[in-house]
Protein chains: 2
Amino acid sequence: MMRRLSLEQRRAELIDAAIRVIARDGLATASTRAITAEAGMPLGAFHYVFTSREELISAVIEQVTDEERLAAWFEANLIGEPASLTDILVAGLDAYLRLLETDPGREQALLEVAMHAVRHDQPAVRAQWATYHRAALASLDHAAELAGVRWVEPVERLARSLTASLDGLTIAWLTDRDSEAARAHIRFIARSFAALAVPVVPAAQAPQAPQAPPEHPGGHGREDTAC
Amino acid sequence: MMRRLSLEQRRAELIDAAIRVIARDGLATASTRAITAEAGMPLGAFHYVFTSREELISAVIEQVTDEERLAAWFEANLIGEPASLTDILVAGLDAYLRLLETDPGREQALLEVAMHAVRHDQPAVRAQWATYHRAALASLDHAAELAGVRWVEPVERLARSLTASLDGLTIAWLTDRDSEAARAHIRFIARSFAALAVPVVPAAQAPQAPQAPPEHPGGHGREDTAC
DNA sequence: CCGAATGTTGGACGATCGTCCAAATCGGCT
DNA sequence: AGCCGATTTGGACGATCGTCCAACATTCGG
């Protein structure tokens with residue numbers, strides 16, 4: 001029975017079920033039996049699709065790219081009104097925080113799986129890190145374009161800092177569940193990045209020393225006024 | 001046999017052994033047998049000291065406060081030479097990064113145990129978070145005093161941001177092991193915090209609007225010159 | 001120096017794990 | 001319709017887990 005599902009469908013459903021189980025009860029309780037039960041499949045279906053539990057975990061890492069974070073970021077700035085870079089960054093970060101508040105277990109699951117991979121599956125964690133990096137790059141480019149600014153530091157560096165800042169934001173909120181403090185931290189992050197951008201002047205297309213930018217103001221556009 | 005060890009000594013040695021095992025092979029492999037073997041004790045010694053494995057994990061969380069991070073931070077600024085706030089913060093953060101580079105497994109162990117506690121032992125993780133917060137507070141006060149500045153935002157908020165930034169720094173390095181990029185991120189963090197401090201002027205003890213500080217320069221003292 | 005009390009231990013137990021495989025089931029072809 | 005090869009499955013297996021406890025060792029009052 002159940003011939004109706006193709007191998008790829010079974011594989012995808014098992015991965016989804018695994019994510020739900022890990023989000024609900026943690027990686028330790030995500031046994032082959034728990035996952036197949038969650039997916040409504042017989043136990044034998046597991047090793048019919050995956051050769052081992054480790055392979056399923058690697059598949060989870062590959063599957064769960066940062067698409068949600070990126071989507072939340074971009075959707076947050078759909079409103080076409082012109083805004084300061086700080087506001088744009090705050091909107092993007094706040095969109096991610098709402099995502100985190102909506103489904104904390106999922107983000108915690110991603111963290112648990114990533115930490116597992118750091119120990120036991122270095123290639124997978126490198127790939128996931130690269131995906132995160134691309135998402136951060138796209139977010140920074142998008143924000144700079146919206147605000148009409150350019151970054152005064154290599155955007156590659158800034159992308160890594162943004163990824164690290166997102167992880168820090170996530171861990172802190174998962175630990176104390178203090179959304180108000182998290183939003184204060186978001187403003188801190190946004191202002192920190194905004195301090196590293198300058199308005200793009202159409203005249204100055206000329207090359208400029210990449211390092212040692214010639215004095216850049218703390219912010220730009222609408223100056224930050226409060227906390 | 002082995003009557004020589006008191007209950008407290010056994011307890012402490014089991015906790016240390018557990019940390020070593022978790023640091024080496026992860027929380028999942030830290031079984032009662034692995035821990036007692038690491039400690040050079042018979043299996044029975046485990047439930048002679050702890051009532052359950054969960055109790056041991058909680059004890060690990062309580063034991064491993066942030067004393068190492070704090071110690072590294074303060075020792076980094078023992079050299080009494082006057083320095084800019086940015087340099088002081090960089091020195092403290094770099095000291096922590098060296099700690100992380102020296103013993104990555106240990107910091108990863110703390111993260112794994114903390115994530116476990118977020119799911120299964122909320123009180124323990126709250127206590128650990130409070131300890132982290134106190135350490136961050138002390139670090140910020142220490143840095144401000146050394147640099148002769150005061151923070152223009154509530155130091156409580158800044159302490160939480162510092163804790164989150166440290167966690168983000170840790171996760172990023174554990175993931176890509178890129179020490180150079182991590183040090184660039186450290187400079188980013190240091191400058192971000194330095195932007196939120198103003199020189200303390202002995203004359204101006206007068207109250208000042210805590211929020212909306214009257215325009216503060218991006219940095220202070222020695223202006224940041226490069227990346 | 002010897003029982004009794006205390007402290008200590010290694011093996012036993014039931015549960016659960018990942019993995020495997022022989023049997024059951026199903027879809028298509030004659 | 002009835003058989004056959006491919007697909008699917010639930011139970012079996014050995015390993016390992018946390019926990020417990022009867023047996024062992026040690027100490028000490030007498």
Side-chain angles (χ1 to χ4, degrees), chain A residues 1-61 109 112-113 116-117 119-121 124, chain B residues 1-61 109 112-113 116-117 119-121 124:
Chain A
M1 61 181 67
M2 219 174 216
R3 183 64 134 299
R4 54 195 170 85
L5 264 57
S6 77
L7 249 164
E8 292 179 12
Q9 282 174 324
R10 280 173 174 269
R11 179 183 160 91
E13 290 193 17
L14 279 173
I15 291 175
D16 282 346
I19 294 175
R20 287 196 301 273
V21 171
I22 298 173
R24 191 191 313 125
D25 298 317
L27 182 59
T29 69
S31 63
T32 55
R33 287 168 178 81
I35 293 171
T36 50
E38 172 78 22
M41 294 182 190
L43 173 60
F46 191 94
H47 285 89
Y48 180 69
V49 179
F50 298 99
T51 66
S52 71
R53 180 174 177 268
E54 278 302 313
E55 185 179 306
L56 181 270
I57 295 178
S58 290
V60 167
I61 297 179
E112 286 183 44
V113 172
H116 175 88
R119 282 195 192 279
H120 303 99
D121 194 352
Chain B
M1 60 184 66
M2 224 177 211
R3 182 64 135 297
R4 54 194 169 84
L5 265 56
S6 76
L7 250 165
E8 292 180 14
Q9 282 174 324
R10 278 173 174 273
R11 179 183 160 92
E13 290 193 16
L14 279 174
I15 292 174
D16 282 346
I19 294 176
R20 287 196 301 272
V21 171
I22 299 172
R24 192 191 311 128
D25 300 314
L27 182 59
T29 69
S31 63
T32 56
R33 288 169 178 80
I35 293 171
T36 50
E38 171 77 22
M41 294 182 192
L43 172 61
F46 190 95
H47 284 88
Y48 180 68
V49 177
F50 297 100
T51 65
S52 72
R53 181 174 176 268
E54 278 303 312
E55 184 179 306
L56 182 270
I57 296 179
S58 290
V60 167
I61 297 179
E112 287 184 42
V113 171
H116 175 88
R119 281 195 193 281
H120 303 99
D121 193 352

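Numbered from 1 within each chain, the chains take letters A, B, ... in sequence-line order.
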Query raised in the report: At their closest point, which heavy atom of B:Leu14 faces which heavy atom of B:Phe46, and how far apart are they?
Result: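 Between these two residues, the closest heavy atoms are CD1-CA, 4.3 Å.
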Any [X] side-chain N or O less than 4.0 Å from OP1/OP2 of [N]:
X	N	answer
A:Arg10	D:dT7	no
A:Arg53	C:dT16	no
A:His47	C:dT19	yes

Let me know the distance between [atom1] of [X] and [atom2] of [N], rounded to the nearest Å.
X	N	atom1	atom2	answer
A:Phe46	D:dT7	CZ	P	20 Å
B:Arg11	C:dT8	CZ	P	16 Å
B:Tyr48	D:dA23	OH	P	19 Å
A:His120	C:dG18	NE2	P	14 Å
B:Ile35	D:dT19	CD1	P	11 Å
B:Leu14	C:dT8	CG	P	12 Å
B:Leu43	C:dT9	CG	P	11 Å
A:Glu13	D:dT8	CD	P	13 Å

Report task. Side chain of A:Arg33 only, please: which of C:dC17, D:dC17, C:dT9 is the nearest? Result ->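 So the side chain of A:Arg33 is nearest to C:dC17.
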**Report entry** B:His47 side chain to B:Glu55 side chain, donor-acceptor N/O pair below 3.5 angstrom
**Finding:**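 On atom types as modelled, these side chains do not qualify, holding no pair under 3.5 Å.
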Report task. For residues A:Ile15 and A:Phe50, determine if any side-chain heavy atom of one lies less than 4.5 Å from a side-chain heavy atom of the other. Result ->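 Answer yes - side chains close enough.
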Query raised in the report: Any side-chain heavy-atom pair from B:Asp121 and B:Ile57 closer than 4.5 angstrom?
Result: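 No, every pair of side-chain atoms sits at 4.5 Å or beyond.
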Report task. Tell me what A:Ser31 touches on the nucleic acid: a base, only sugar-phosphate, or nothing, going by heavy atoms under 4.0 Å. Result ->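 Counting heavy atoms under 4.0 Å across all strands, the contact made by A:Ser31 is with sugar-phosphate only.
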